[in-house]
K.L.:
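So that we are looking at the same thing, I have put the structure below in structure tokens.
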Amino acid sequence: VQLQASGGGLVEAGGSLRLSCAVSGSTVSIDRIGWYRQAPGKQRELVASISSGGGTNYADSVQGRCTISRDNAKNAVYMELNSLKFEDTAVYFCNAVLHGLGPYTGYVYDSWGQGTQVTVSS
């Protein structure tokens with residue numbers, strides 16, 4: 001099982017970005033999935049997450065600027081972040097809680113994708 005993230009890059013302040021994360025593998029179902037970020041010298045923090053039922057959770061710092069959604073048919077999650085600020089600069093990580101299927105039933109995995117750099121220029 002792999003989490004493949006994409007969509008980072010250099011963005012001007014005030015602009016927008018869209019991050020995508022796709023979960024590969026047919027032996028798991030996705031419970032909660034979302035995005036964390038880690039800025040230099042800071043701890044990793046939750047940005048946004050979405051449950052299997054569609055319930056969302058946002059960090060206070062992105063509330064009102066961020067929309068997270070998921071496509072269960074594609075095993076993918078998307079996050080749009082608008083009105084970007086310099087302090088949004090960080091490495092963004094996709095995270096998913098996965099439940100095993102078939103022979104892996106009963107197993108729960110906390111999986112991370114590779115980070116994608118987001119740099120907001122002033």
Side-chain angles (χ1 to χ4, degrees):
V1 176
Q2 288 188 325
L3 276 64
Q4 185 67 41
S6 60
L10 178 65
V11 188
E12 288 188 356
S16 300
L17 64 81
R18 185 173 189 252
L19 300 180
S20 301
C21 177
V23 180
S24 64
S26 60
T27 58
V28 295
S29 64
I30 304 171
D31 189 350
R32 179 167 291 275
I33 187 168
W35 292 91
Y36 286 72
R37 67 185 180 187
Q38 187 167 19
K42 295 188 176 181
Q43 290 188 335
R44 190 172 298 188
E45 63 176 1
L46 174 70
V47 181
S49 66
I50 183 168
S51 70
S52 57
T56 57
N57 184 32
Y58 296 100
D60 289 343
S61 59
V62 301
Q63 188 75 39
R65 302 190 293 125
C66 183
T67 302
I68 190 168
S69 61
R70 62 190 285 169
D71 185 333
N72 292 324
K74 295 182 178 180
N75 281 351
V77 63
Y78 309 99
M79 184 177 73
E80 293 192 7
L81 188 57
N82 303 310
S83 301
L84 285 164
K85 306 175 183 180
F86 177 76
E87 48 265 40
D88 293 319
T89 296
V91 178
Y92 285 69
F93 297 90
C94 179
N95 170 260
V97 176
L98 307 173
H99 292 266
L101 299 173
Y104 306 100
T105 299
Y107 289 92
V108 181
Y109 307 93
D110 184 22
S111 298
W112 293 87
Q114 87 285 3
T116 184
Q117 177 71 46
V118 172
T119 303
V120 182
S121 62
S122 58

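Note that the structure is predicted; figures quoted are calculated from it, not measured. Atoms considered below: every heavy atom in the structure, side chains included; atoms not considered: hydrogens, waters and symmetry mates.
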K.L.:
Side-chain heavy atoms under 4.5 angstrom apart, residues restricted to Ile, Leu, Val, Met, Phe, Trp, Tyr: same cluster for Val11 and Val62?
P.N.:
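Linked within one cluster.
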K.L.:
Work out which heavy atom in Gln117 is nearest to a heavy atom in Ala90; give both atom names and the distance.
P.N.:
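Heavy atoms only, the tightest pair is NE2-O, 3.4 Å.
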K.L.:
Would you call Trp35 and Ser49 a side-chain contact if the rule is heavy atoms closer than 4.5 Å?
P.N.:
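Of all side-chain heavy-atom pairs linking Ser49 with Trp35, none is under 4.5 Å.
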K.L.:
Please check if Val118 and Val77 belong to a single hydrophobic cluster, counting links between Ile, Leu, Val, Met, Phe, Trp and Tyr side chain heavy atoms closer than 4.5 Å.
P.N.:
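Linked within one cluster.
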K.L.:
Sequence neighbours left out, what pairs pass salt bridge (charged side-chain N to carboxylate O under 4.0 Å, His left out) with at least one residue falling in residues 82-97?
P.N.:
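As it turns out, the salt bridge (charged side-chain N to carboxylate O under 4.0 Å, His left out) pairs with a partner in residues 82-97, which skip direct neighbours, are Arg37-Asp88, Arg65-Asp88.
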K.L.:
Any link between Tyr36 and Val47 through a network of hydrophobic side chains (Ile, Leu, Val, Met, Phe, Trp, Tyr) touching at under 4.5 Å?
P.N.:
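Unlinked, Tyr36 and Val47 end up in two clusters.
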K.L.:
Between Ser6 and Gln4, do the side chains contain a donor N or O and an acceptor N or O under 3.5 Å apart?
P.N.:
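Checked: Gln4/Ser6 side chains show no N/O donor-acceptor pair below 3.5 Å.
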K.L.:
Sequence neighbours excluded and cut-off under 3.5 Å, please list the side-chain donor-acceptor pairs for residues 95-106, or say none.
P.N.:
| from | atom 1 | to | atom 2 | distance (Å) |
| --- | --- | --- | --- | --- |
| Asn95 | ND2 | Asp110 | OD1 | 2.8 |
| Asn95 | ND2 | Ser111 | O | 3.2 |
| His99 | NE2 | Asp31 | OD2 | 3.1 |
| Thr105 | OG1 | Gly102 | N | 3.3 |
| Thr105 | OG1 | Gly102 | O | 2.8 |

K.L.:
Would you compute the distance between atom OG1 of Thr119 and atom CD of Glu12 and round it to the nearest 0.5 angstrom?
P.N.:
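The distance works out to 13.0 Å.
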K.L.:
A quick test of your reading: do over 12 heavy atoms of other residues, nucleotides or ligands sit less than 6.0 Å from CD of Gln63?
P.N.:
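Counting neighbours around CD of Gln63, more than 12 heavy atoms of other residues, nucleotides or ligands fall under 6.0 Å, so yes.
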K.L.:
Are any side-chain N or O atoms of Tyr58 and backbone N or O atoms of Ile68, one a donor and one an acceptor, separated by less than 3.5 Å?
P.N.:
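Here the side-chain-to-backbone pair exists.
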K.L.:
Output side-chain donor-acceptor pairs under 3.5 Å for residues 13-28, partner residues at least two apart or in another chain, one line each.
P.N.:
| from | atom 1 | to | atom 2 | distance (Å) |
| --- | --- | --- | --- | --- |
| Ser16 | OG | Asn82 | OD1 | 2.9 |
| Ser24 | OG | Gln2 | N | 3.2 |
| Ser24 | OG | Gln2 | O | 3.3 |

K.L.:
For the residue pair Val1 and Tyr109, establish whether any side-chain heavy-atom pair is separated by less than 4.5 Å.
P.N.:
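When only atoms from C-beta onward are counted, Tyr109 and Val1 do not touch, as no gap falls below 4.5 Å.
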K.L.:
Would you say Ile50 ends up clustered with Trp112 if hydrophobic residues are merged whenever their side chains have heavy atoms under 4.5 Å apart, either directly or through other cluster members?
P.N.:
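No: no chain of side-chain contacts under 4.5 Å links Trp112 to Ile50.
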K.L.:
List the atom of Leu81, the atom of Tyr92, and the distance in Å for their closest heavy-atom pair.
P.N.:
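The answer is CD2-OH, 3.9 Å.
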K.L.:
Compare all side-chain heavy atoms of Ser52 with those of Arg70 and state whether any distance is below 4.5 angstrom.
P.N.:
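They are in contact (side-chain heavy atoms under 4.5 Å apart), so the answer is yes.
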K.L.:
For residues 53-87, which residue pairs pass the disulfide bond (SG atoms under 2.5 Å apart) check, not counting sequence neighbours?
P.N.:
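Every candidate disulfide bond (SG atoms under 2.5 Å apart) pair involving residues 53-87 fails, so no pair, neighbours aside, qualifies.
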K.L.:
So, using side-chain hydrogen bond (donor to acceptor under 3.5 Å, both in side chains) as the criterion, who are the partners of Asp71 when residues are at least two apart?
P.N.:
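So Asp71 forms no side-chain hydrogen bond (donor to acceptor under 3.5 Å, both in side chains) with any residue.
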K.L.:
Under a single-linkage rule joining Ile, Leu, Val, Met, Phe, Trp and Tyr whose side-chain heavy atoms are separated by less than 4.5 Å, which residues share a cluster with Leu10?
P.N.:
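Result for Leu10 is none, singleton.
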